Structures are given as structure tokens and as C-alpha cells.
Amino acid sequence: MAERYFPNKMPHYIPEETPTINEETANKDSLSRLLSLPYHTLRRTLQASALHLKDMVVRETWGLSGKRVQDYSVYTGVLGTAYLLFKAYEVTKNENDLHLCSQIINACDSASAASRHVTFICGRAGVYALGAVVAKYADDPRLLDYYLKQFKEIKFSNDVPNELLYGRAGFLWACLFIDKHIGKETIATECRRAVVDEMIKAGRTLALKDRCPLMYEWHGKKYWGAAHGLAGIMHVLMDMELKPDEIKDVKGTLRYMIKNRFASGNYPSSEGNESDRLVHWCHGAPGVALTLVKAAEVFGDEEFFQAAVEAGELVWNRGLLKRVGICHGISGNTYVFLSLYRLTGNPEYLYKAKAFACFLQDRAQKLISEGTMHGGDCPYSLFEGFGGMAYLFFDMAEPSEARFPAYEL
């Protein structure tokens, strides 16, 4: 297992204080010096890095492509670059970022016309949802109406799955994103409710009798994680208006997962899988932790809170992955601590997020150049590469407002 991640040798917690410049501080290694910085100083450093990384991502994914779209997705494509530009605009209010974001979305609109995928992260719903939101911020009612019309005309095929990346949960998340930024009921409750009904029906059909009330398959496997399985589906369902029996099923499904986690505190990637290796957002404790934080917020159950805390401890110990991205890398795992900080206000979680971000800031590019760390198959993308690292660094500006992109609202 150890070869998948770097041993975490950073102090478990250093209380925030204003350091004095002395011989001891000066003699520390560069990572320790970063960790010694007070947060208000560190976040300026991280924001400067975020701006630099954003410019690099735009150049590599958009400028060098001749502004042609080969992959339009949020996950590994240029729509992820547009999403990063939108985050940059939210933080800095630079209108140039919003304008370029809109240009990229327009190109993705053309490129995605024949796609059958209906989700935010990997489908046309992401193009139309982000397009509508950016048009709203740009005060362009004509473009806003266009993207909303396109969104509302999305049709589902009979074989659409239920998971987040390619299925119904991913479509519902796009609805939630639109409603958050444009206004409640922009996408009618009736539209969302019809999709929820199908998801609940499918989950009960595959339910494990007397054990797990809801279960789902993707490509023949009963996945548990955020990307393709239970964690992602439950996360989205908790934002829906559910009936009492549906709430009971969601809670029961989460309790089943907690009861059947590994002794280490990690979670299987799929039903019956006994390999305790993956500590990623997509598979394993990080994605489940974000869902458990959501459950603690929505339901107020101590059981969900305690399980989220325990998952966070596992991420601290085994989450310094040898990858940079948010799907299966350090950037994504950092959001576990930001989520726990938002829930509890406990400064120890802010420190842990700071520690993982400092590790990235200090060492990621050097380790990648040495071949010790993997930059991702799509090294400048939002979910696999430097795009996710830039997004995280922008989010560190206001940690209590940080949200895992395309997952937390």
C-alpha cells in the first residue's frame, strides 16, 4: 500500500500563531517554513500560485490547441478549464476570466452537440449548466435563455446509469448547480422528481435484502465510491426533496457502508472487494467522507459525524497520494479537511488542509519532474492534473466557503 502514497511526516497539528523570524525558523526545510506561515500570509502565496497555474492550464489546454475542442468534458477536457476560469472570476472578479470562460463554453457547445452523455462532469448538462450560470454573471439574458432552453431539452436514453459521472446523479447535480447560481426552481421540481423516482426505484431493485436498502451497478459492479457508486448517489439524493421512506433508505445505505468499511477506516471500491488500497475521491474514504459530512449536516446524526471524522483521519495518514489531481490525488483529498472544517469550525482541520496544500505548493512540480509523482494522464485537466491543484489553491482563499468542484454545493 505504501507505494501509492508518500508517508505523512508533517506534524499532526500546529496551532496557528504569528511566527517570529529566528534562527530556528530560518533553518527549517522549505515545507516546514511554509507550514510555519500564518494562514493570512500563506493564502496570498497560494493565490499567486493559483493564478500562475490557471494561466498555464489555459495555455496548455486552450491556447496551444488552436482553440479547438477535442474533449469537451469537465473531467479531462476544456470545460474543466472553463470551470477553473469561473472559480478564478469568483475569487478575483477579473472580467477577462469570465469572458474567456464564456468563449470556451461556446466552443464546447458545438463540440458536444452529438454527445449522449447527460451529466455535469462528463456530459452536455455541464456545458449548458455552466453556460447558463456564466451568462447570468455576464448579464447576457439572451445567452442565459439559450443555455437554459438547451438544458431543459436534454433527453435520457433507456440505458442511462445512476452514478455521478455518466448517470442520473450527474444530471441532478447540474440542476442543483443551476438553481444555486440562478435561482431556486430554475429547473422545476417536477423535472428533478421524475429522475429521483427512477433512481430510488433502481436502487431498491438491486437492494441487498435486510442489509442495504439501495444498491446500484455500473458496468457490472456495485461501486461504493463518489464517482460511480453509492457515495456519489447518496450525496446528490440528500439535496433532493425526499419522502420519509426515501430518507430512511438513504440513511440505511450510509449505515450499511459504515458498518462494512475496512478495519483501517477505509471503504471498499465496490461491493465484495476486499482490497484496501484506494484512498481517492473516486474510490475509497475521501469521497465517502465528503458524503458523510453532508449526511451530518442534513440529518444531524452523531453516527455520520463520527464516521466522517474517522475517514478524515485515514485520509491524513494515507492521503498524500503520488498524484496531483482532485479525482485521485492530493488536491482532491485536501477537500476532506476543508469539508470537516466547514462542518466543525475546528482549526485542526484547517491546519490539515493547509498542510496538504503546502505539500503540493512546495513539492508537486519537482516530484513530477523527477518522476516520483504522477502528473495525471491529462496533466493540465481539472480532475486529473494541475487544473485541480489551481482550483484548490483558489478555494484556500476562503476555506469556510471551499467546495469540492462538481460535487459539493
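What you see is a predicted model; the values in this text were computed from it and never measured.
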Quick one: are [X] and [Y] in side-chain contact, heavy atoms under 4.5 Å?
X: Leu292; Y: Ile258; value: yes
X: Val288; Y: Trp224; value: no
X: Leu100; Y: Val58; value: yes
X: Gln361; Y: Leu34; value: yes
X: Ile330; Y: Arg323; value: no
X: Val315; Y: Thr334; value: no
X: Tyr391; Y: Ser331; value: no
X: Val57; Y: Trp62; value: no

Would a distance-only check, ignoring hydrogens and angles, find a side-chain to backbone donor-acceptor pair under 3.5 Å from [X] to [Y]?
X: Thr291; Y: Ala231; answer: yes
X: Trp173; Y: Tyr407; answer: yes
X: Asn260; Y: Tyr256; answer: yes
X: Arg43; Y: Ala397; answer: yes
X: Thr186; Y: Gly183; answer: yes
X: Arg403; Y: Glu401; answer: yes
X: Glu95; Y: Leu98; answer: no

Is it true that [Y] and [X] share a donor-acceptor pair across their side chains at a distance under 3.5 Å?
X: His12; Y: Trp316; result: yes
X: Glu408; Y: Ser339; result: yes
X: Thr76; Y: Glu384; result: no
X: Thr92; Y: Asn94; result: no

Report yes if the distance between the aromatic ring centroids of [X] and [Y] is under 6.0 Å, otherwise no.
X: Phe171; Y: Phe156; value: yes
X: Tyr137; Y: Phe86; value: yes
X: Phe337; Y: Tyr349; value: no
X: Phe359; Y: Phe6; value: yes
X: Tyr83; Y: Phe120; value: yes

Can you tell whether the side chains of [X] and [Y] come within less than 4.0 Å, N to carboxylate O?
X: Arg192; Y: Asp179; value: yes
X: Glu398; Y: Arg342; value: no
X: Asp239; Y: Lys294; value: yes
X: Glu241; Y: Arg193; value: no
X: Arg261; Y: Asp276; value: no
X: Lys366; Y: Glu370; value: yes
X: Asp395; Y: Lys87; value: yes

Rounded to the nearest 0.5 Å, what's the gap from [atom1] on [X] to [atom2] on [Y]? Could you check?
X: Leu206; Y: Glu271; atom1: CG; atom2: CD; value: 11.0 Å
X: Arg4; Y: Leu321; atom1: CZ; atom2: CG; value: 8.0 Å
X: His280; Y: Asn333; atom1: NE2; atom2: CG; value: 7.5 Å
X: Glu3; Y: Lys322; atom1: CD; atom2: NZ; value: 7.5 Å
X: Asp29; Y: Leu35; atom1: CG; atom2: CG; value: 9.0 Å
X: Leu53; Y: Phe394; atom1: CG; atom2: CZ; value: 8.5 Å

Query - Lys93 NZ/CZ over Tyr89 ring centroid, <6.0 Å and within 45° of normal - result: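 Yes, Lys93 lies over the aromatic ring of Tyr89.
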Query raised in the report: Do the numbers put Lys222 on top of the ring of Tyr216, so that NZ or CZ is under 6.0 Å from the six-membered ring centre and no more than 45° off the axis?
Result: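 No; the conditions do not both hold, so Lys222 does not lie above the ring face of Tyr216.
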Requested in this report: I would like to know whether Asp97 and Lys54 meet salt bridge (charged side-chain N to carboxylate O under 4.0 Å, His left out); could you show each step before the answer?
Outcome: CA-CA 10 Å; Asp97 287 332; Lys54 181 258 296 181; 3.0 Å; yes
Should we count [atom1] of [X] as having more than 12 external heavy atoms under 6.0 Å?
X: Lys180; atom1: NZ; result: yes
X: Asp245; atom1: CG; result: yes
X: Lys251; atom1: NZ; result: yes

Report task. Please assess Arg116 against Asp159 for the test salt bridge (charged side-chain N to carboxylate O under 4.0 Å, His left out), listing each intermediate value before the final yes or no. Result -> CA-CA 11 Å; Arg116 296 174 64 248; Asp159 60 348; 3.4 Å; yes
Report task. Pick out which of Ser110, Ser115, Ser112 makes a side-chain hydrogen bond (donor to acceptor under 3.5 Å, both in side chains) with Tyr72. Result ->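 With Tyr72 as partner, Ser110, Ser115, Ser112 yield a single side-chain hydrogen bond (donor to acceptor under 3.5 Å, both in side chains), made by Ser115.
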Report task. Could you walk me through whether Ile200 and Leu237 pass the side chain to side chain contact (heavy atoms under 4.5 Å, CB included) test, one step at a time? Result -> CA-CA 9 Å; Ile200 295 292; Leu237 285 177; 4.1 Å; yes
Query - Stepwise side chain to side chain contact (heavy atoms under 4.5 Å, CB included) test for His181 and Lys136 - result: CA-CA 8 Å; His181 287 280; Lys136 172 73 173 180; over 6 Å; no
Can you give me the closest heavy-atom contact between [X] and [Y], atom names plus distance?
X: Ala289; Y: Ala311; result: CB-CB, 3.7 Å
X: Phe151; Y: Ala174; result: CE1-CB, 3.7 Å
X: Lys354; Y: Tyr39; result: CD-CD1, 4.3 Å

Query raised in the report: Is there a side chain to side chain contact (heavy atoms under 4.5 Å, CB included) between Glu217 and Tyr223 once you walk through the steps?
Result: CA-CA 7 Å; Glu217 280 188 350; Tyr223 283 102; over 6 Å; no
Requested in this report: Start with the C-alpha distance between Leu230 and Tyr267, add both sets of side-chain angles, then the distance that settles side chain to side chain contact (heavy atoms under 4.5 Å, CB included), and finish with yes or no.
Outcome: CA-CA 11 Å; Leu230 292 174; Tyr267 288 76; over 6 Å; no
Query raised in the report: side-chain contact (heavy atoms from CB on, under 4.5 Å) with Val279: which of Asn266, Leu320, Asn317, Val336?
Result: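 Exactly one pass, corresponding to Asn266.
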Query raised in the report: Can you say whether the rings of Trp281 and Phe404 are parallel (under 30°), tilted (30 to 60°) or perpendicular (over 60°)?
Result: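 Aromatic pair Trp281/Phe404 classed parallel.
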Query raised in the report: How far apart are the C-alpha atoms of Asp301 and Arg255, what are their side-chain angles, what is the distance that settles it, and do they pass the salt bridge (charged side-chain N to carboxylate O under 4.0 Å, His left out) test?
Result: CA-CA 11 Å; Asp301 288 33; Arg255 289 181 176 128; 2.8 Å; yes
